[in-house]
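Whatever order the structure lists ligands and atoms in, that order sets their numbers, starting from 1.
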Amino acid sequence: MPQTMIVGRRALLAGVCFALFAGAPLVAAPAKPLAATMNDAAVTARASSLVAQMTAEEKAAQLTQYFYMQPAPPVNKASLQALETTGLGSLLFVTDPVEINRLQRIAVERSRLKIPVLFGFDVIHGFRTIFPVPIGMAASWDPQIVEQAQAVAAAEARAVGVHWAFAPNLDIARDPRWGRIVEGAGEDPYLGSVMAASQVRGFQGPYLGAPGRIIAGPKHFAGYGASLGGRDYAEVNLSESELWNVYLPPFKAAVDAGAGNIMAAYMAVNGVPAAANTELLTKILRKDLGFKGFVVSDSGSVVKLQTQGLATSPEDAASRAVKAGLDLEMTPPLGVPAMNSLPAALKAGRIPEATVDEAVRRVLQAKIRMGLFEQPYVDPVKAEAVLNDPSHRRLARVAAERSAVLLRNEGGLLPLDRKKIKSIALIGPMADSEIDTLGPWVFDQNKPSAVTLLAALKAKFGSSVRIDYSEGVRLPEPLNPPPGPSKPKRSAAPLDEAGEIRRAAELARNADVAVVVIGEAWNMISEGGSRSSFELPGAQQALLDAVTAGGKPVVVVLMSARPLDLKETRAGAILDVWYPGSEGGAAVANLLFGEATPGGKLPFTWIRSAAQAPNYYAQLISNHPERAEKGYWNEPTSPTYPFGYGLSYTTFEYSNLKIEKPAFRRGEPVGVSVDLRNTGDRAGDEVAQLYIHQRSGTASRPARALKGFQRVALRPGETRKIRFTLKPDDLRYWSSETKGWVQDEAVFDVWAGGDSRAQLATTFAVTAQ
Ligand code: NOJ
């Protein structure tokens, strides 16, 4: 579990002194590390020769990862001791380059076999430069910027000596009550797979061990997003069909893209905790998906096999996890690793030595591939330069602009006209909140910073526009704050909310426009951040209602990562900016004033209320399709906004949807084209989306399923022919009838348009081979 740790000045000094006196060769990594030129056999041979020299204790230590925190809790002592005696597989949460060099030196110079340590960290949406949260990046529907952002995150992390990201999070989230929806790409397996592959490419670059890149660790294998009732850590029960057709595709895409690591999930999947789930870790991951890297547990989940009612002792837990296919144990922050008892299990013959050796080999192979044996150290001075590279902030701003989704824009309220707006009432608890602009999974120790919207508007307009700011209301602290960075709490100064709401409404009445920045605080989402209600937390709804009552134009800027219920607010425009990151405020200011045009689309269905969850777009057609919208007698089942939805400052029109011929043989690719025209008078981006439905087959297929998309920029009046290819893989699916992949002969409906409710349709047929 992450906890922030600021490297103390004393530790820093000690590290510097140590480096100086030890005469550390702090040279840059070679352009192409030796490991990159080694073939698989050579890497395996090198790992095997090390394994052959290891004692049982040294093997167990290579399968152990300790949290390393400062100031040092007791666990640090154990990890330090391991470093210099047995060596150690990995440490997590150290991000100071001087400290990393110091710890690495202990392993490399003092331990018997001099095996370097892998340093891992939660590099989720940036390291020092923070990009929009992953759900926001997915909302850009722009795989290229997603790849570039993770490449920047990798460069910053690698510069300080971190070798491996516990990311991307590939959990499909069809129940937005679940807080970790913020970390993934939303509800759709196709979008999730595209985002998975681009993130792996961004982290790892052209090959594992490429300079300036890090190992990608897709997580949490598998099905975590389907936790019961959207409650974090709760059990998951998935049919084979859901597992294969919905939850596994992003992992397959990540494995195909070469991901070097996978993290096993916490919870039980179909009754067996993921960390000891042989079906998942060996049968599916290694045999079916062909994964060749190493598997890490989630924090403490090997030890917790006892808590979860599976294992009888740490020894039983460790041996069952390794036998199931797990390689490295992430210990709980202050806990004792279950792997400590692996030597006893080996001695008693309760686990075959070959199984343990294989796990150790996989960890060592990662270290070899990353070039750690040749260059275990980093240069802290160069690291600082990488962390402050101004191009990183620029990319973060563009990413935030591209991720925003315009949900409402009545009467073309946005963009605001710079020439006409002389005063803005900027209202809301998130309008000047750095921690909320950054979002979850951001760590003080890496010195991130964010431009808030208030700061950005002041910087943009100076004294030429009057900006009246009111916090309005205070965001409540969640009842069960998620584990995470110990960021400073919100101001403890008392706020007379009723009075401040009146003041905010007054400011709005006296301004040309009111911009209200509201949503869910950074710590109401993410791990442990599930909610059973989508209402605005605290008194934000009262604030919004008071501001809209004044009759002036109101723009809502939402910071959130799940559908929120704004109670049919009268605000004229709603712009969802997620948690937009370091340059969030600057990006939002550009969007509000039309220097950037929103082009993002929702990566999940914006359902009406939490009580309807899950209610995703790609459901099967029931036997009463005419009742699909009438699932409840008290409210429609149709969403507030459908999956794939998002407006622009311009308008688009789709026409001429064509399939290259009426029928295709099984296995043949299907060419589809559609004309997209910008019918407005501004340039803008549209995400053209392609959906299909298979009318009959071995199993029932979703009413609609996304099978292609392209984000395109069009000038006013410009028309572009968009071409899609449906590959055989896009038409196949996993059937529980045949226990395997099928591609049926069938008629397919096809729709193209700007969201999952697209109306422009045609059909094609797939016939026998
Ligand atoms: C627990 C989280 O589930 C996982 O995603 C994260 O990588 C680890 N803790 C380490 O912080």
Side-chain angles (χ1 to χ4, degrees), residues 1-5 64-69 75 79 89-95 118-127 133-135 150 153 157 162-173 178-185 196 199 203 214-227 231-234 236 250-251 254 259-269 273-275 294-304 307-308 326 328-335 337 439-446 480-486 523 525-530:
M1 234 95 15
Q3 284 295 319
T4 215
M5 46 197 169
T64 303
Q65 181 188 50
Y66 278 102
F67 272 84
Y68 188 87
M69 296 177 182
V75 72
S79 50
S90 174
L91 284 168
L92 76 155
F93 269 81
V94 203
T95 57
L118 261 183
F119 287 88
F121 189 65
D122 285 294
V123 188
I124 309 295
H125 55 115
F127 186 81
V133 286
I135 192 88
Q150 294 302 31
V162 167
H163 310 118
W164 158 30
F166 309 134
N169 180 326
L170 303 186
D171 301 320
I172 294 294
W178 189 58
R180 303 196 80 168
I181 187 173
V182 65
E183 296 173 47
Q199 291 192 78
F203 281 126
I214 58 181
I215 302 170
K219 66 189 187 186
H220 305 82
F221 200 74
Y224 188 13
S227 64
R231 293 183 293 277
D232 212 358
Y233 317 124
V236 162
F251 285 99
N261 167 254
I262 293 277
M263 185 186 289
Y266 280 129
M267 72 296 147
V269 184
F294 68 105
V295 176
V296 68
S297 78
D298 202 338
S299 161
S301 54
V302 179
V303 174
K304 291 279 181 71
T307 319
Q308 288 171 288
L326 190 121
L328 184 65
E329 175 189 12
M330 184 189 288
T331 58
L334 293 168
W441 291 106
V442 172
F443 299 91
D444 303 352
Q445 74 210 51
N446 300 331
N480 303 304
S486 61
N523 56 357
I525 194 117
S526 179
E527 191 178 347
S530 295

Report yes if Asp298 has an N/O atom closer than 3.5 Å to an N/O atom of ligand 1; otherwise report no. yes
Which of the numbered atoms in ligand 1 are below 4.0 angstrom from a heavy atom of Lys219? 4 (C), 5 (O), 6 (C), 7 (O)
Closest to atom 2 (C) of ligand 1 (judged by heavy-atom distance), picking from Glu527, Gln65, Met330: Glu527
Report the residues that fulfil side chain to side chain donor-acceptor pair (under 3.5 Å) with Asn261, sequence neighbours left out, ordered by chain and then residue number. Trp164
Are the ring centres of Phe121 and Phe166 closer than 6.0 Å? no
Indicate yes or no: does an N/O atom of Tyr224 lie under 3.5 Å from an N/O atom of ligand 1? no
Enumerate the atoms of ligand 1 whose separation from the nearest heavy atom of Phe166 is less than 4.0 angstrom. 7 (O)
Thr95 versus Asn446, side-chain donor and acceptor atoms under 3.5 Å: yes
State, yes or no, whether a side-chain contact exists between Val123 and Trp441 at a heavy-atom distance under 4.5 Å. no
Does Glu183 have a non-hydrogen atom less than 4.0 Å from ligand 1? no
Fit a plane to each ring of Tyr266 and Tyr233, take the angle between them on a 0 to 90° scale, and name the class: parallel (under 30°), tilted (30 to 60°) or perpendicular (over 60°). perpendicular
